[in-house]
Every structure is written in C-alpha cells, then in structure tokens.
Amino acid sequence: MELFSARPGDEGLAGRERALAMAAVMTSTTMAVFDGVIVNVALPPIAHALAVPAQSAVWVANGYLLSAAMTLAIFAALARRLGFRALFAFGLGLFTLASLGCVLSSSLTMLTGWRIVQGVGGAATLSIAPAILRSVFPNRLLGRILGLHALLIAASTAIAPVLGGTLLSLLSWQWLFAINIPLGIIALTLTLQAIPDNRAPGRESFDTAGAVLSALMLGGLIMAANVFSRPGQAETQLWTAAGYGSVAIAAGLTFIWHQRRTSQPLMPLELFASPRFSLAALTSLASFVSQGVTFIALPFLFQSVYGYSVFASALLFTPWPLGIMLAAPHAGRLADRYPAAIISTVGLALFTLGLTLLALLPEQAHAWDIGVRSLICGIGFGCFQSPNNREMLANASRAHSGYASGVLAIMRTFGQCLGGALVGVIMSISAPAGAQAADAVRLSLWIAVLATVLALLFSLSRIRNRPD
C-alpha cells in the first residue's frame, strides 16, 4: 500500500511503525468523535435516569467542551516539552480513565466532573493528532493521510447516531462510555509502541502566565457561546454573553502582549508570520462557523418546519458525511500533487453552492431534494477540509507542527461554537419579535452562506499571493 511504502529521502517512520502510529491516532479520533456525537443523543435518557432537568443535563456535553477548549493551546505548547508520545499517551490514559468514571457515576455532579476530566484528556490528543501524522508520514503523503483522517471523522459522525440509538434501545446510557475503555487500551498500547518521542533537548521553561491567559480567553469564548444554548430571557443572555466576551477579549489582548515579550511563549506568534498559514487558519475558522450554524439550524428546519421525526431528521443528515467520505480521500491525494489552496478553494465554492441551495429550499421539500443539496455540501466540505489542513501544517516548520496542530483544533472548536452561538442569538431575537421558526432557520442558513463566502474570499486571497 502506497501509504506505507518507502522512498529515498522520506521523512517520518518506516512502513510498519507508520501503520501502528496511524492506527493509534485513528482509534483515538474515533473515540473522540463517537463520544461527542453519542453523548448529545443520550442527554434526554441521562436526564431521565438521573432525575435532573434537561437544561442541567446539557452540562454533561458542555463540561467536556469547556475543559477541552481551555486546554487546547496549553497541550499544543507542551508537545514540544514532553514529546508527542508522552503527551498522547497521557491524553489517552486520562480519557480512558475518565470514561470508566462516567460509567460508575451515580449523580449529575459526578458525571459532569468526569466529563470535564475527559475533556482535558481529549484536548491532549486532539491538539496534536495532525502533528503526529505529519511527523510519521513523509510530506509526499501528507495530503493523503489527512484525507483519510477527514474520512474517518465523517464516517464516525454518520455512524455514531445510529450506534448510539441502537445501544440506548438495548442497554443503559453507561454503555456509551464503556465502549471507550477497550478502544482506549488498544490505542494506548499502539501509542507506546509506535509514536515517536520528539521532545526538545534540555529543559525549556513553561509559559505559565500565557497558559492562564489562554485558558481565560478560550474558556470565556466558549461560555459566551454556550449562554444561548440555555433557556432564558434574550436580554439577560446578551448581557451574560457580553460579560464572558469581555473577559475573553481582555485576556486575549493581554495574551498577545505577553507572547511578544516572553522568551518562551506558549504560542509562538512567528507561526502567523506566514501569510499562507494565517489565511488557511482564517479560512478554517470561517468555514467551521458556517458548519456550526448549519448543524444547529437544520434540525429545526427538518423537525419544526417540515415535521419530520427525530429519527428521520437524523437520516436526512446522512448525505452530508457521506459526501465528505466520497470526496476527502481524493482531495487529499490531489493535494499531494497540486496546490492545496486551489483544491480547497474549489471545495469551498462547491460548499457555498450547496449551502445556498439549502437556504433556498421550498416551504415543503421532499427528502430526496434535501438529501441532494446536503450531499453537495458534504462533497464541497470534503474537498476543502483535508487540503486546507495540509496547507496549514505544510506552512509551519516541523519544530512548530505541534503548535500548528493546536491552532487547527482551536479553529475547528471555536468555529463550531461561534456558529451555534449565532443561531442562538437569531432564535433569541426572533422569538420575542413573533417571527416564525422557518424565518429564523432560513436567516441562520443565509448567515452560514455569508460565512462560507468570507472563507472563500480568504482562500482566494492566498491563491492570488501564491509564489510562482
């Protein structure tokens, strides 16, 4: 198989070690994706089983997201100090242990606590997974392996709701966390065998002040976004979100000031000196804002406007990840032969077309019509994602690949959170104004189109500035 072939001058690992390291990263990614999607499906049964209100059970999901977001940048910085193998093994071990804690939880407080710990473990693995793939595979195969990584995420996203629904119909909610335990043990064993130990020589000082500021900045943004996922008066929500946002902005500005003056920064700002890296990061952020808006708005469209059942609504989502599965591997392979920026821009154009078609859906739409438009979105996003990830990693030095991987994870996390927050704002404003649900959903979809157009403009600008 080409992925495990060797050529003179190849960077990374040999064939067998390359395969084992890839298996460790892919298993960890599957665990993280399954855990996020399945837990969202399981919130109503968890609330019922623990006898708590539905809005309180939301923190089973939000606690994980908050702790992961607050520690992504910290773990990206620790990768150089501790090495990929030690940090990845720590993350996997903590995630697996926390999964066992979730299984044994008997109260919402206990379950939420273990989910917060699980988020820390997930951040340790997610922040450096793409960087590990870059260190393991030669540059000539980077696009291809990132395409397979995107394919795995899409397939896991498509399968997780079906698997979660099946498990919940047969077993208790604890089994949703129990499946992580054998997978975690397998991934941890592979990690210790194959992932390279690339820690920096000597002992580097750690930027504690930068870590605190980054956690406040990222945590404040997540809390501001999550305000709109809870019931409450629109005015109160806006003031609360403004408070969290102010903390995030103040911490962010102080963080940038501090990073420019410290000798060992948490996130080297010279990483963003490359226009191609910065534009790829901005493109990723805007595209995930669009995806975040769409993934929140479409269930309201399917269920509240069109009247589909929850199960039928889940099936209507299937064409989107199916499109990613069809496109991502081929896009990654092409990105190894042709400029990645051009391929990802073509994908964004197709993604914009698909979102526009979704925003123009008629008042009554057939399932096949919705499916075709969603499929176009998935194919476009699949063409965009892996080449854009390749562009980000390839325009950072190997010494900074851990930081670049962390930036990639942060762009994805916050893009989706900000997208969800935008839908919350639109819903909060529309409800008191007496607007119909259909109007709020369609406005949200047009906001998603605008975010994708912005991503397309960022992507086009890097083509214009591409060196000959």
Side-chain angles (χ1 to χ4, degrees), residues 29 33 36-37 130 143-144 146-160 279-299 301 316-335 340-359 361 370-392 408-409 411-420 422-423 444-460 462:
T29 298
V33 174
V37 177
R144 194 170 305 183
L146 291 176
L148 287 176
H149 195 241
L151 169 64
L152 178 68
I153 292 173
S156 301
T157 302
I159 295 169
L279 286 170
L282 288 172
T283 302
S284 182
L285 176 63
S287 66
F288 277 106
V289 167
S290 177
Q291 190 189 68
V293 168
T294 310
F295 278 14
I296 298 296
L298 284 182
L301 179 67
L316 287 173
F317 262 107
T318 305
W320 189 304
L322 179 61
I324 297 177
M325 292 168 62
L326 291 172
H330 301 294
R333 189 177 298 111
L334 288 171
I342 294 177
I343 298 169
S344 59
T345 302
V346 171
L348 276 175
L350 191 59
F351 185 40
T352 305
L353 172 63
L355 285 176
T356 303
L357 291 173
L358 283 176
L361 276 167
I370 298 171
V372 169
R373 300 178 195 221
S374 297
L375 181 65
I376 294 173
C377 288
I379 292 174
F381 201 83
C383 288
F384 153 74
Q385 187 178 12
S386 50
N388 191 72
N389 291 353
R390 188 195 194 285
E391 178 88 346
M392 285 186 67
L408 195 156
M411 294 299 105
R412 180 180 63 248
T413 301
F414 283 101
Q416 292 173 334
C417 288
L418 291 176
L422 285 173
V423 178
S444 298
L445 291 175
W446 281 115
I447 295 294
V449 172
L450 290 177
T452 311
V453 169
L454 181 62
L456 186 58
L457 292 175
F458 285 138
S459 196
L460 285 169
R462 58 182 171 172

Atom [atom1] of [X] and atom [atom2] of [Y]: how far apart are they, to the nearest 0.5 Å?
X: E391; Y: N389; atom1: CD; atom2: CG; result: 10.5 Å
X: S386; Y: R144; atom1: OG; atom2: CZ; result: 12.0 Å
X: L348; Y: T352; atom1: CG; atom2: OG1; result: 6.0 Å
X: L357; Y: I370; atom1: CG; atom2: CD1; result: 12.5 Å
X: T318; Y: M325; atom1: OG1; atom2: CE; result: 10.5 Å
X: I379; Y: I324; atom1: CD1; atom2: CD1; result: 10.5 Å

Nearest atoms (heavy-atom pairs only) where [X] meets [Y]:
X: T452; Y: S290; answer: OG1-OG, 2.6 Å
X: L355; Y: C377; answer: N-SG, 3.4 Å
X: S284; Y: M411; answer: OG-CB, 3.9 Å
X: S344; Y: N388; answer: CB-N, 4.0 Å
X: P387; Y: G382; answer: CD-O, 4.4 Å
X: L279; Y: F458; answer: CD2-O, 4.0 Å

Self-check item: Heavy-atom side-chain contact between L445 and L298 under 4.5 Å
Solution: yes
Quiz item: So do S374 and L358 actually touch side chain to side chain, heavy atoms under 4.5 Å?
Solution: yes
Practice problem: Using modelled atom types only, decide if a donor and an acceptor are shared between the side chain of S459 and the backbone of A455 within a distance under 3.5 Å. | Solution: no
Quiz item: With no hydrogens and no angle check, is any side-chain donor or acceptor of T345 less than 3.5 Å from a backbone partner on A341?
Solution: yes
Quiz item: For F351, what residues pass the ring pair (Phe, Tyr, Trp, His ring centres under 6.0 Å) criterion, not counting sequence neighbours?
Solution: W320, F381
